[in-house]
Number of protein chains: 2
Amino acid sequence: MATDIPDIVIGRLPIYLRELTRLAEEGKQKTTSSHELGHRLGISSAQIRKDLSHFGEFGKQGTGYHIGYLTEQLSDILRLSSEWDVAVVGAGFLGHALAHYNGFLDRGFRIACIFDNDPQKVGEKMGELIVQPDTDLEKIIKHKQIKVAILAIPPHVAQPMTDRLVNAGVKALLSYAPIHLTVPEGVQVSYSDPVIQLQRMTYYL
Amino acid sequence: MATDIPDIVIGRLPIYLRELTRLAEEGKQKTTSSHELGHRLGISSAQIRKDLSHFGEFGKQGTGYHIGYLTEQLSDILRLSSEWDVAVVGAGFLGHALAHYNGFLDRGFRIACIFDNDPQKVGEKMGELIVQPDTDLEKIIKHKQIKVAILAIPPHVAQPMTDRLVNAGVKALLSYAPIHLTVPEGVQVSYSDPVIQLQRMTYYL
DNA sequence: CACCTTTCGTGTAAGATTTCACAATGATAG
DNA sequence: CTATCATTGTGAAATCTTACACGAAAGGTG
Ligand SMILES: NC(=O)c1ccc[n+]([C@@H]2O[C@H](COP(=O)([O-])OP(=O)(O)OC[C@H]3O[C@@H](n4cnc5c(N)ncnc54)[C@H](O)[C@@H]3O)[C@@H](O)[C@H]2O)c1
Ligand SMILES: NC(=O)c1ccc[n+]([C@@H]2O[C@H](COP(=O)([O-])OP(=O)(O)OC[C@H]3O[C@@H](n4cnc5c(N)ncnc54)[C@H](O)[C@@H]3O)[C@@H](O)[C@H]2O)c1
């Protein structure tokens, strides 16, 4: 049941999870339907049912899905039952925003440490954390067994830093640097480049 | 030629453009091939050729693509020949990072104004800009004919702010708020939620 | 010039994803 | 208890996307 599930399906699960959490917060109802969820997300109900059916039968005919139960199941599928420690590399503007962002904790992640190579930044307090020198990066990541990192450093140092992180055991990497990164098989990479996103939209304007 | 081009193809053009710019910066060569470009991006050469062929014939057999020429063509296709003015809404941590980011200018966008509703933030200097009160938002956006906006405000005010922006004439919106937005037909929306991206990766860990 | 190498552009095949549509199931109301 | 209604889970069809493979062009070489 766990094999062979298309990436594109996995990619939608976090969206479902996020909307289920919103539904739970609204607190108006204990259950929802594929139709309601789809309507709220601009996705067809059939797609939602098909996606979920890859993992089991979570709904009930006539009633729909129990919001709490489906939330739990999706959290389990996405391995969010316990928190992932995350390392942030780069304590500039973006690192600053990330360190202060409180939207990670209740969704399965905790910023566990933040690194910089600028002596001026090292030691500075950021949110709950203190900026660490990048020379300690390998030691701390190995010691805390950190598997997830966020890159918020300039593009020209992103690839070498990626290599260091992977070498220290990081398996999932979200990069804000506007550059394609090369990683070994088995390491996940994801990118966030606002300019790419804007450029995708201007075509249609 | 302009109709019927799949969104997924449009979505890759900015990636090609970004890598072409890097190649130009490296300055080692005047031309590149679909094979080289694909190799650098982890995309098949056939896909690159097929994607480009939707818009015309930009290459030369035996030689490949002239980097400068292809860059120009892609910029034209994506409507990046002249700069788009961009409004940033929300002068918090993220708005701060965006206002100081110098990676927009050379890729077709210019942050033209930044808004906040917090009297403490209004008037503050951010990068080259001064934070404007959100009450002036409609006036300024209409006056400058701004079509592109970035949302960096809390989730619960994101939908009403979207409605205001769309009403003022915004046609493309990049939102950092972790919530699905509803917009009228013809308005483009794009999202950036790092938690969604991390959750997509933890499944594979 | 004849030959070789490179690389494009593209028709077609293969594969992936979405949509359709319906039997089956559970809830509800009279 | 039966009829009605809502909604799931899922094969099959339709659509979309990627990969393959090759003829044709361009440039270089002897
Ligand atoms: N600011 C934005 O809104 C924004 C938006 C999109 C993308 N980005 C990208 O995100 C990245 C960071 O952006 P930023 O605005 O925070 O930049 P920034 O210059 O404010 O911060 C970068 C930080 O990285 C540190 N650094 C540099 N080399 C390092 C190394 N080898 N090891 C550890 N730390 C190192 C610097 O000391 C600095 O503190 C850049 O790649 C940028 O292109 C930024
Ligand atoms: N900080 C991060 O790293 C990060 C990461 C991902 C997503 N986000 C999301 O991005 C958004 C902004 O995050 P942030 O960290 O900058 O938050 P922030 O609290 O630092 O900034 C939000 C700003 O929006 C302003 N604001 C609130 N309501 C407004 C309104 N109606 N009109 C105009 N301005 C208004 C506030 O005054 C504040 O200055 C949030 O939705 C957050 O969930 C943040």
Side-chain angles (χ1 to χ4, degrees), chain A residues 1-16 19-20 23 28-74 77 200 203-204, chain B residues 1-16 19-20 23 28-74 77 200 203-204:
Chain A
M1 199 154 78
T3 45
D4 242 46
I5 292 162
D7 291 355
I8 201 160
V9 171
I10 304 300
R12 280 188 295 262
L13 300 186
I15 311 270
Y16 300 161
E19 197 64 28
L20 286 168
L23 274 164
K28 296 202 194 76
Q29 39 187 309
K30 285 261 175 297
T31 65
T32 185
S33 64
S34 60
H35 184 80
E36 180 180 42
L37 204 51
H39 182 75
R40 293 176 64 123
L41 293 172
I43 290 177
S44 83
S45 61
Q47 177 144 86
I48 291 178
R49 292 199 300 279
K50 185 75 124 191
D51 284 353
L52 296 178
S53 77
H54 282 100
F55 302 94
E57 310 197 350
F58 303 125
K60 238 188 213 168
Q61 282 99 332
T63 314
Y65 301 93
H66 182 91
I67 293 172
Y69 177 67
L70 186 53
T71 300
E72 259 177 45
Q73 293 299 308
L74 289 179
I77 292 165
R200 280 173 183 168
Y203 173 81
Y204 298 97
Chain B
M1 199 155 78
T3 45
D4 242 45
I5 292 163
D7 291 354
I8 201 160
V9 171
I10 304 299
R12 280 188 295 262
L13 300 186
I15 310 269
Y16 301 160
E19 198 63 27
L20 286 168
L23 274 164
K28 297 201 194 76
Q29 41 187 306
K30 285 263 176 296
T31 63
T32 185
S33 64
S34 59
H35 185 78
E36 180 181 41
L37 203 51
H39 183 75
R40 293 175 63 124
L41 293 173
I43 290 177
S44 83
S45 61
Q47 176 142 87
I48 291 179
R49 292 199 301 280
K50 185 77 122 193
D51 284 354
L52 296 177
S53 77
H54 282 99
F55 303 94
E57 310 197 350
F58 305 124
K60 239 187 214 169
Q61 282 99 332
T63 314
Y65 301 93
H66 182 91
I67 294 173
Y69 177 68
L70 186 53
T71 300
E72 258 177 45
Q73 294 298 308
L74 288 179
I77 292 166
R200 280 174 182 168
Y203 173 81
Y204 299 96

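Side chains are part of it too, since the values below use all heavy atoms of this structure and drop only hydrogens, waters and symmetry mates. In what follows, chains are A, B, ... by sequence order, proteins preceding strands, each numbered from 1.
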Which distance, rounded to the nearest 0.5 Å, do you find between the CD of A/Gln73 and the NE2 of A/His66? 11.0 Å
Ignoring hydrogens and angles, does a donor from either the side chain of A/Lys50 or the base of D/dG11 sit under 3.5 Å from an acceptor on the other? yes
OP1 or OP2 of C/dT17 under 4.0 Å from side-chain N/O of A/Arg12: no
With respect to the phosphate group of C/dT18, does any side-chain polar atom (N or O) of A/Ser44 fall under 4.0 Å of OP1 or OP2? no
Between D/dT15 (P) and B/Ile8 (CD1): distance, integer Å: 18 Å
Heavy-atom pair of closest approach, residues A/Ile43 and A/Arg12: CD1-CD, 4.3 Å
Min side-chain heavy-atom separation A/Leu70-A/Tyr16 under 4.5 Å: no
Would you mind classifying the nucleic acid contact of B/Ser34 as base, sugar-phosphate or nothing, using non-hydrogen atoms under 4.0 angstrom? sugar-phosphate
Want to settle it: does B/Gly64 or A/Asp7 sit nearer the 5' end of DNA chain C, counting the closest nucleotide to each? B/Gly64
Between C1' on D/dT10 and CG on A/Leu52, what's the gap in Å once rounded to a whole number? 13 Å
Which whole-number value in Å describes the distance from A/Arg49 CZ to C/dT25 P? 16 Å
Taking atom P of D/dT17 as reference, at what distance in whole Å does atom CD1 of B/Ile10 sit? 11 Å
Atom-pair distance (CD1 on A/Ile67; C1' on D/dT7), nearest Å: 15 Å
In whole Å, what is the span from the CD atom of B/Gln47 to the P atom of C/dC8? 14 Å
Phosphate OP1/OP2 of D/dA6: any A/Tyr65 side-chain N/O under 4.0 Å: no
With the side chain counted from C-beta on, respond yes when B/Leu37 and B/Tyr65 share a heavy-atom pair under 4.5 Å apart, and no when they do not. no
Is A/Lys60 close enough to C/dA27 that one of its side-chain N or O atoms is under 4.0 Å from OP1 or OP2 there? yes
Whole-Å gap separating C1' (C/dG26) and CD (A/Glu57): 13 Å
If you look at every heavy atom in B/Glu36 and B/Thr31, which pair is closest and at what distance? OE1-O, 4.2 Å
Calculate the interatomic distance between A/His35 atom NE2 and D/dG9 atom P; express it in whole Å. 16 Å
